[in-house]
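To keep things clear, I will list the structure first and then write my remarks on it.
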There are 2 protein chains.
Amino acid sequence: MARDGPDGPDLDADLRLLVGYGIKRANAALTPHIERILGGFGLRRSTYSALSVLAGHPGLRQSDLSEVLAIERPNLVQILDELRHSGLVVRSRDQADRRAWRLRVTPAGAEVLAQARRALMAYDQRLTAGLGKAERKALIAALQRVERLGAEAWEGRDVGEISTT
Amino acid sequence: MARDGPDGPDLDADLRLLVGYGIKRANAALTPHIERILGGFGLRRSTYSALSVLAGHPGLRQSDLSEVLAIERPNLVQILDELRHSGLVVRSRDQADRRAWRLRVTPAGAEVLAQARRALMAYDQRLTAGLGKAERKALIAALQRVERLGAEAWEGRDVGEISTT
DNA sequence: TATTGTTATACTCTATAACTATA
DNA sequence: TATAGTTATAGAGTATAACAATA
């Protein structure tokens, strides 16, 4: 255990056995680069995500978007303010339910999204350099599966047995 | 595209093509559960990580630990204060360099770590339920590779070409 | 009575500048 | 002059309570 790697001893070898640790470290390593890339288009991670979903699903309400992106409604307000003030998103009152807003991406928003998407996809593809298309798809599927399994409430009882399959 | 899944339409299908998005969503889904599990032992994610590294490498200095865990030195101070006040870690002045501290896990710290580790490992194993041992190892390796590739500075030039391999 | 969007607020994580004591 | 650890602080992300307007 704790064997040395090419960049020196991996002192966190024990933590590296955990999928959750690997995900946290990977996220921390990627985040500043993703923010820098999107920042070049006047976007943040959250505004890019909102723009991306709205572009594919015009007429979505804020509460729908909140659920899709797993963002609390109050936190979405600022995100949408930002997109509206930049002229990338507009909203109009729902005719049937006058409490709700219907959101749409403007032509300018679609253009910014397209450009940001190209830059972000190029970076993201680099993350799986050396992997084939099938392997990349498998990684993405595995992550989504981890997300689902991890989110399922668990009674946290002390399970001594660990599957050896 | 944007085909419906078993739990309804996946409105973020476009974002799901990104490894970075999958990592962010997985991390967000796991974090509260991991915090809850570790909270049962009086630990946070950061204090658990520090405890885990120090247990395997007694005598480490704070700056070493900071580098291993990719935590800025100032942020490590509070983490170690917490561990010391809980009696899980002690420190002593380095004899050769009286600016530095040498860190060690106490017997109580080792015991808390062992218990927390069992609970956390049981949860983490659940994240890859259905995967074989080799597949789980491959996922962990892929994450570490993503972390490394993603951290390497990149000039962010607009690369239109995307590998089709 | 419940829901949509909003405001205010608080808490954690993370990052930087500047200080001290030692080297 | 540089380094180890510290303090203070600021920003981003995220979470909850409470409110107005509407259902």
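Hydrogens, waters and symmetry mates are skipped; everything else that's a heavy atom, side chains included, is used. Residue numbers begin at 1 in each chain, while the letters A, B, ... track the order of the sequences.
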Round to the nearest Å and state the distance from [X] atom [atom1] to [N] atom [atom2].
X	N	atom1	atom2	answer
B:Leu103	D:dA4	CG	C1'	12 Å
B:Leu38	C:dC13	CG	P	11 Å
B:Asp97	C:dA21	CG	C1'	11 Å
A:Asn27	C:dC13	CG	P	14 Å
A:Gln95	D:dA23	CD	C1'	15 Å
A:Asp94	C:dT4	CG	P	11 Å

Ring-face cation contact, B:Trp101 with B:Arg93, 6.0 Å cut, 45° max: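 Yes, B:Arg93 and B:Trp101 form such a contact.
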
Of the listed nucleotides C:dT6, D:dT22, D:dT3, the one nearest the side chain of A:Arg91: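 Selected nucleotide: C:dT6.
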
B:Arg99 side chain, from C-beta outward: closest of C:dA21, D:dG5, C:dG5: C:dA21

Residues touching DNA chain D, which here means a heavy atom under 4.0 Å, drawn from residues 61-85 of chain B: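 Output list: B:Arg61, B:Gln62, B:Ser63, B:Arg73, B:Pro74, B:Val77.
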
From CA spacing to verdict: salt bridge (Lys or Arg N to Asp or Glu O under 4.0 Å), B:Arg136, B:Asp124: CA-CA 11 Å; B:Arg136 179 179 161 93; B:Asp124 200 88; 2.7 Å; yes

B:Gln78, CD atom: more than 12 neighbouring heavy atoms under 6.0 Å: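 Atom CD in B:Gln78 is not packed in, count stays at 12 or less.
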
Verdict with reasoning, B:Leu18 to A:Met121, per side-chain contact (heavy atoms from CB on, under 4.5 Å): CA-CA 7 Å; B:Leu18 296 163; A:Met121 283 291 297; 3.4 Å; yes

Modelled atom types, side-chain donor and acceptor of B:Tyr21 and B:Arg25, under 3.5 Å: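 Note: B:Tyr21 and B:Arg25 side chains meet the donor-acceptor criterion.
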
Any side-chain donor near an acceptor of the partner, B:Gln62 and B:Arg91, under 3.5 Å: yes

Of B:Arg102 and B:Lys24, the one whose closest DNA chain D nucleotide lies more 5': B:Arg102

